[in-house]
Number of protein chains: 2
Amino acid sequence: MPKVGQEPIRKAALVSATIHEIGKARSLDVTVGQIARTAGMSTALAHYYFDSKSALFIAAMRHVLGEFGRTVRLGLRRASGPDERLRAIVEASLGSDQFEEHVVAAWLVFYVEAQRAPEAARLLRIYTHRLHSNLVHELLQLTGRARAREIAQGAAAMIDGLYIRHALGNDTWGGQNAVRFVTDYLEVMLAAGDAVRRRAE
Amino acid sequence: MPKVGQEPIRKAALVSATIHEIGKARSLDVTVGQIARTAGMSTALAHYYFDSKSALFIAAMRHVLGEFGRTVRLGLRRASGPDERLRAIVEASLGSDQFEEHVVAAWLVFYVEAQRAPEAARLLRIYTHRLHSNLVHELLQLTGRARAREIAQGAAAMIDGLYIRHALGNDTWGGQNAVRFVTDYLEVMLAAGDAVRRRAE
DNA sequence: TTTTTTTTATTGATCAGTCAATCAGCAAAA
DNA sequence: TTTTGCTGATTGACTGATCAATAAAAAAAA
């Protein structure tokens with residue numbers, strides 16, 4: 001049975017199983033044994049491919065973040081013009097892909113882990129910065145730099161907030177409307193910026 | 001040494017130690033032993049006053065939520081007029097009290113716990129509903145019911161998002177500006193509502 | 001008032017269970 | 001025969017919870 005070239009297959013299976021199990025347990029409190037069993041192998045083999053449990057978690061987090069990045073890039077490639085592109089970013093962040101149950105749980109859990117594990121914090125910072133600079137890049141076509149940065153911060157915070165409220169089931173809206181909340185915010189803030197600018201002139 | 005009437009003192013010490021230890025560990029992964037030692041007693045005594053570890057966590061969460069509720073009520077009592085009162089709500093949510101290191105960590109950890117423990121979920125829902133209805137109550141003086149609800153949802157999401165970004169150190173602004181982000185949002189959304197209404201007339 | 005009983009407060013020791021990690025060793029390719 | 005893939009068994013450390021035992025205060029009884 002032992003074939004060569006199993007490493008990438010096994011690692012992928014373990015990463016996928018990790019996300020799945022975290023989603024099921026809704027917590028990082030998942031044993032390597034559970035993960036390994038779900039991935040169809042022994043505990044020892046899981047440790048053969050990943051030195052430690054936390055290394056496995058980091059790999060899982062990197063995978064979720066990678067998936068997200070790919071979704072954003074795909075959305076951006078399809079959109080044209082700043083408005084459409086802003087919408088694409090928001091949709092990638094609050095789209096149905098990201099709202100899959102186990103992905104949601106993984107994100108929440110990673111948020112907590114980012115408080116302790118430096119590597120997890122680093123990964124999350126990359127996500128934050130990318131979201132911010134993506135938003136600013138488009139907003140710069142529509143307003144000044146200072147205002148673009150401010151609106152991007154507000155929108156990013158709103159995205160995170162809507163995400164968490166959905167994750168905890170504390171939302172009355174469906175996932176659909178979440179996008180509208182942010183796009184409304186962007187639209188209104190940009191219009192208000194115009195008003196301010198006009199008033200100043 | 002054993003005196004009567006220790007129960008409230010011991011329980012308060014345990015709750016306080018729990019919040020402190022969660023803040024230090026930045027995780028729910030804290031042993032009863034650690035908490036008990038910090039509270040100046042044995043593990044067995046901690047179990048004497050709280051049946052289980054999770055009962056202790058729930059008590060700690062109830063305490064944090066209670067403190068928050070008190071802060072909101074105090075702020076509301078001091079404010080007059082819907083604008084001031086809205087500001088008071090936001091300030092209570094994003095004020096320096098709530099940004100104390102261990103309180104922040106406790107909130108984040110409770111968010112995750114709310115995914116599994118029904119009682120934790122219930123407590124968090126109370127917080128969510130209270131924040132929402134507080135906001136709606138004031139907004140109703142300034143706009144229609146449907147719009148009030150929508151703006152309240154957006155503002156609440158933004159508050160949570162700003163909170164988490166601060167908790168993770170992913171904020172470039174200081175805690176101060178966080179309040180301004182939300183009040184700006186409220187102001188602009190209300191103004192836009194007026195514009196829409198005027199346009200419709 | 002003194003004595004006895006009950007209640008409250010407290011702990012060290014320990015149980016029963018869990019878990020991450022290791023290791024020695026086997027099987028099949030290369 | 002060396003490398004890669006794989007596992008059962010085991011280790012060592014930890015943890016929540018329980019319990020028997022003890023001390024002091026309060027209440028009841030004498």
Side-chain angles (χ1 to χ4, degrees), chain A residues 1-61 106 109-110 112-113 116-120, chain B residues 1-22 24-61 109-110 112-113 116-120:
Chain A
M1 228 188 261
K3 292 166 230 158
V4 121
Q6 290 297 99
E7 182 164 337
I9 297 165
R10 293 297 200 182
K11 281 195 169 179
L14 280 168
V15 163
S16 164
T18 302
I19 294 163
H20 190 264
E21 287 299 309
I22 287 177
K24 209 162 74 178
R26 298 188 172 282
S27 139
L28 259 188
D29 227 334
V30 175
T31 67
V32 176
Q34 278 168 48
I35 294 168
R37 208 177 318 124
T38 301
M41 68 190 85
S42 69
T43 309
L45 191 55
H47 272 100
Y48 174 72
Y49 285 116
F50 289 95
D51 286 347
S52 70
K53 188 183 179 180
S54 76
L56 180 51
F57 283 143
I58 294 294
M61 188 170 174
V109 160
F110 289 150
V112 174
E113 193 62 6
R116 315 193 274 175
E119 182 63 10
Chain B
M1 231 187 257
K3 294 165 227 156
V4 119
Q6 291 297 100
E7 181 163 340
I9 297 165
R10 292 300 200 183
K11 281 196 169 178
L14 280 168
V15 162
S16 164
T18 302
I19 294 163
H20 189 263
E21 287 299 308
I22 287 177
K24 208 162 75 180
R26 299 189 173 282
S27 137
L28 259 188
D29 227 334
V30 175
T31 67
V32 177
Q34 276 169 49
I35 294 167
R37 208 177 318 124
T38 300
M41 68 190 87
S42 68
T43 309
L45 193 55
H47 271 100
Y48 173 72
Y49 284 115
F50 289 95
D51 285 348
S52 68
K53 188 183 178 179
S54 77
L56 180 52
F57 284 143
I58 294 295
M61 187 170 173
V109 159
F110 289 150
V112 173
E113 192 63 4
R116 317 194 272 176
E119 182 63 11

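The chains referred to below are lettered A, B, ... by the order of the sequence lines, with proteins before strands, and numbering in each begins at 1. Note that this is a predicted model, so its numbers are computed, not measured.
- Computed from coordinates, the Arg37(B) CZ to dG12(C) P distance equals 12 Å when rounded to whole Å.
- Residue-level contact check: Tyr49(A) touches the backbone only, with heavy atoms under 4.0 Å from sugar-phosphate atoms and none from bases.
- Between Glu7(B) and Arg10(B) there is no salt bridge, since no side-chain N of the basic residue sits under 4.0 Å from a carboxylate O of the acidic one.
- Going from atom CG of Leu28(A) over to atom P of dC19(C) covers 14 Å, rounded to whole Å.
- Between dT4(D) and Arg10(A), no contact under 4.0 Å exists linking OP1 or OP2 to a side-chain N or O.
- Listed candidates were dA20(C), dC6(D), dT10(C). Nearest to the side chain of Lys53(A) is dA20(C).
- Checking dA20(C), dA9(C), dT15(D) against every side-chain atom of Val32(A), the shortest atom distance belongs to dA20(C).
- For Ser16(A) (side chain) and Ala12(A) (main-chain N/O), no donor-acceptor pair under 3.5 Å exists by modelled atom type.
- Base pairing annotation: dA30(D) forms a Watson-Crick or G-U wobble pair with dT1(C), both donor-acceptor distances under 3.5 Å.
- Spacing between atom CE of Met41(A) and atom P of dC6(D) amounts to 8 Å, rounded to whole angstrom units.
- Under 4.0 angstrom from either OP1 or OP2 of dT4(D) there lies no side-chain N or O belonging to Gln6(A).
- Across dG16(D), dT7(D), dT11(C), the shortest atom-to-atom separation from the side chain of His47(B) is found for dG16(D).
- Of the listed nucleotides (dA21(C), dG12(C), dT7(D)), dA21(C) has the atom at the smallest distance from the side chain of Ser52(A).
- Remark: the backbone N or O of Val30(A) is paired with a side-chain donor or acceptor of Lys53(A) at under 3.5 angstrom.
- In terms of position on DNA chain C, the residue among Val30(A) and Ala44(A) whose nearest nucleotide sits closer to the 5' end is Val30(A).
- Nucleotide dG5(D) holds its C1' atom 14 Å from the NZ atom of Lys11(A), rounded to whole Å.
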